[in-house]
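In what follows, a structure is listed as structure tokens, so that the remarks can point back to it.
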Amino acid sequence: MHILLAASAFNSLTQRVHAELRERGHSVAVELALPGTRLADAVARHRPDLVLAPMLKTAIPPEVFTAHTCLVVHPGPVGDRGPSSLDWAVGDGATRWAVTVLQAEAEMDAGDVWASVECPLPPVAKSDAYRGEIADAALAAVVLAVDRFASGTYTPRPQYTGRTRPPMRQEHRRIDWQRDATDTVVRALRAADSRPGVLDDLLGGRWYLHGGHPEDGLRGRPGELLATRAGAICRATADGAVWIPELRAVRTPGQPAPVKLPATLALGDLLPALPELPAPAWSDTDADPHAAGRRTWADISYREEGSAGFLSFSFPGGAMGTDHCRRLLAAYREACTRPTSVLVLGGGRDFFSNGIHLGVIEAAPDPAAESWANIHAMNDLVEAVLTTTDRLVIAALGGNAAAGGAMLALAADEVWCRSGAVLNPHYRLMGLHGSEYWTYTLPRRTGSAAAKRLTEEALPVGAEAARRLGLVDRTIECTPQAFADETARLAVRLADWPATHSRIAGKKARREVDEQLRPLAAYREAELARMAEAFDDPAAPYHALRRAFVRKEPPEATPEHLACRVPGRRVPAAPRRADVTAPAEQNRAAGTDGC
């Protein structure tokens, strides 16, 4: 079938649906519901067999849903209605949820049901669950609904009852720092992650708080700032404290939309003198008996199990600024001093990495200089992985990876990927050539022709397709919550495998041969020469694209690369400006700022 995806943004779920439906042999086109555009005109151009809305914030007009079957993906169970379904579920502490695919009609979320799939809802941030359990359930429901529609024999079930919940607004999200316990505060912050954030007063200003992690070892006057750690601030609650990694200033009328930033960077000179508390060096409680039962937060941690080491990291939105890269490189070098034969990099349940931090770059006094510093820091990290010859390095992708983050994964000896992850191994949509040694790592895995196609087409790749292409060595079929344990089991088994040491020796020999053929420094120099052209030229598309992306400026039209032309159907190219739907835009609500 020819399926048209109608979406408010090419977000993580839309990308995953796009990749999965193409995998199943359907032709898939995308139309973004943008201000000033008419969905009816787009549908008339595409003449689809089916219209599917994976993430649509506006209503499908009657002239469309009366002429075509239009299926809407709703992140809630049958009968649960309203635009903030998942926000309420996370805020209420629900432990199970569902995704429903229903037919569009005049009343929002009240149409006949084509499929509904339940899922667990662990205590994680809304955007994390959306890219994880919710996306898994949505894919299962979409595939079932599409198959039922294609059969021509299925009759969708009507909804006889329903509950429409109001949009969750800031008055519902408000935190009372004097009275609210840590768990209450964390739920409020998680339900607002990563858009819209929780509006709050802090140090004489109005800020949106993004992200929340419990801390039970620090105490203070409720509402007081207690400490900092890796760019985050720790704020006292009524019975403990929370770590808040990011802040976003309230928009000033007439000014550009503020950028979400690491909390300490956003506050700048407003931040009082606070202790910088390092995170525990090991996440393994056996190594630190006093840490057992502790609740604290760290964006980088290390542990060991047998002869396998696990260096985990989790940065908001998958964006890795200069500081993130340098701290992770230091932790990586420390991990390489340990007596392990396998080192797992990543392994978390959400983003692996989306590359350089476009938000921090945009907010820098000199964005070109910060771009240059960030790409060098990213390259230093990738180089360290590429030149590790005394152990096997596994990149474990529990979540999505894009641009430089995808290339970081390719530097490892093996890439293990959860079946629900989506890869975007390209930079073109941000106006960049890219670095991170991709001109070495990508062709050696996929071949030159496939590497050229992937970087030029700039389309998302599902986990199974990535495995066939050679981007991924192993796909792991499991829930997001089980990925870390499953990765650990496989890594320990690999470390104990007798042939692993011979593989390490062979790896060292191959690296020496490759270095003789063309040094890594030559790849880096050539890539950076192209990057410098974009960074140093104020008129280069990169600067406008970056600005539009991090400030959430919608494109004027659907980017042309998302239109799928089907033989026999005339789909004219829409008017366009430079593409702003960037590869790292895994979730419009999540505001990912990587590249």
Side-chain angles (χ1 to χ4, degrees), residues 11-13 16-17 20 53-55 71-102 108-145 148 156-168 172-173 181-195 211-214 295 348-351 398-400 418-421 476-486 587 589-590:
N11 75 332
S12 61
L13 182 56
R16 190 167 167 194
V17 169
E20 179 67 28
M55 192 281 289
L71 303 184
V72 177
V73 178
H74 175 67
V78 174
D80 184 277
R81 303 170 187 173
S84 301
S85 180
L86 189 54
D87 302 61
W88 288 111
V90 174
D92 292 344
T95 59
R96 291 198 63 80
W97 205 236
V99 176
T100 303
V101 176
L102 46 86
M108 292 284 285
D109 302 331
D112 291 351
V113 175
W114 283 83
S116 187
V117 174
E118 290 191 353
C119 64
L121 190 61
V124 298
K126 174 184 66 173
S127 58
D128 185 345
Y130 181 81
R131 288 183 290 267
E133 286 81 2
I134 296 298
D136 286 355
L139 254 293
V142 163
V143 168
L144 181 57
R148 285 172 169 173
R157 296 181 292 110
Q159 295 187 60
Y160 295 108
T161 60
R163 175 183 61 161
T164 301
R165 293 201 275 191
M168 183 178 279
H172 303 118
R173 304 181 190 275
T182 297
D183 287 347
T184 301
V185 173
V186 167
R187 282 201 308 274
L189 291 168
R190 285 174 173 168
D193 181 76
S194 65
R195 286 280 171 162
H213 306 274
R295 294 199 303 174
R349 47 166 287 134
D350 199 8
F351 287 119
N400 303 341
R418 195 181 81 83
S419 55
I476 299 175
E477 188 78 35
C478 68
T479 66
Q481 203 75 340
F483 183 72
D485 288 343
E486 185 64 16
N587 187 345

Within the 4.5 Å heavy-atom criterion, are [X] and [Y] side-chain neighbours or not?
X	Y	answer
Met168	Arg173	yes
Thr95	Leu121	no
Glu133	Pro480	yes

Minimum heavy-atom distance [X]-[Y], with the two atoms named:
X	Y	result
Gly111	Leu102	O-CB, 3.8 Å
Val101	Ala145	CG1-CB, 3.7 Å
Gly399	Ala421	O-CB, 3.4 Å
Ser85	Pro75	OG-O, 3.2 Å
Pro214	Thr182	CB-CG2, 3.9 Å
Pro156	Asp112	CB-CB, 3.7 Å

Arg165/Asp92 ion pair, N-O < 4.0 Å
yes
Taking the basic N atoms (NZ, or NE/NH1/NH2) and the acidic carboxylate oxygens, is any pair closer than 4.0 Å for Asp109 and Arg163?
no
Separation of [Y] [atom2] from [X] [atom1] (nearest 0.5 Å):
X	Y	atom1	atom2	result
Glu486	Thr479	CD	OG1	9.5 Å
Trp88	His172	CH2	NE2	4.5 Å
Ile134	Cys119	CD1	SG	4.0 Å

Is it the case that more than 12 heavy atoms not belonging to Glu477 sit under 6.0 Å from its CD atom?
no
For Arg96, is the CZ atom crowded, meaning more than 12 foreign heavy atoms sit under 6.0 Å from it?
yes
Please check: side-chain N/O of [X] versus main-chain N/O of [Y], any donor-acceptor pairing under 3.5 Å?
X	Y	result
Arg418	Cys478	yes
Arg349	Gly398	no
Arg131	Phe351	no
Ser84	Pro167	no
Thr100	Gly76	yes

Trp97/Asp80 under side-chain contact (heavy atoms from CB on, under 4.5 Å): CA gap, chis, key distance, verdict:
CA-CA 10 Å; Trp97 205 236; Asp80 184 277; 3.7 Å; yes
Test salt bridge (charged side-chain N to carboxylate O under 4.0 Å, His left out) on Arg16 and Asp136 and set out the steps.
CA-CA 9 Å; Arg16 190 167 167 194; Asp136 286 355; 2.7 Å; yes
Residue from Asp87, Asp193, Asp350 passing salt bridge (charged side-chain N to carboxylate O under 4.0 Å, His left out) with Lys126
Asp87
Test salt bridge (charged side-chain N to carboxylate O under 4.0 Å, His left out) applied to Arg190 and Asp128, step by step:
CA-CA 9 Å; Arg190 285 174 173 168; Asp128 185 345; over 6 Å; no
With side-chain contact (heavy atoms from CB on, under 4.5 Å) as the test, would you mind laying out the steps for Val113 and Gln159 before giving the verdict?
CA-CA 7 Å; Val113 175; Gln159 295 187 60; 3.7 Å; yes
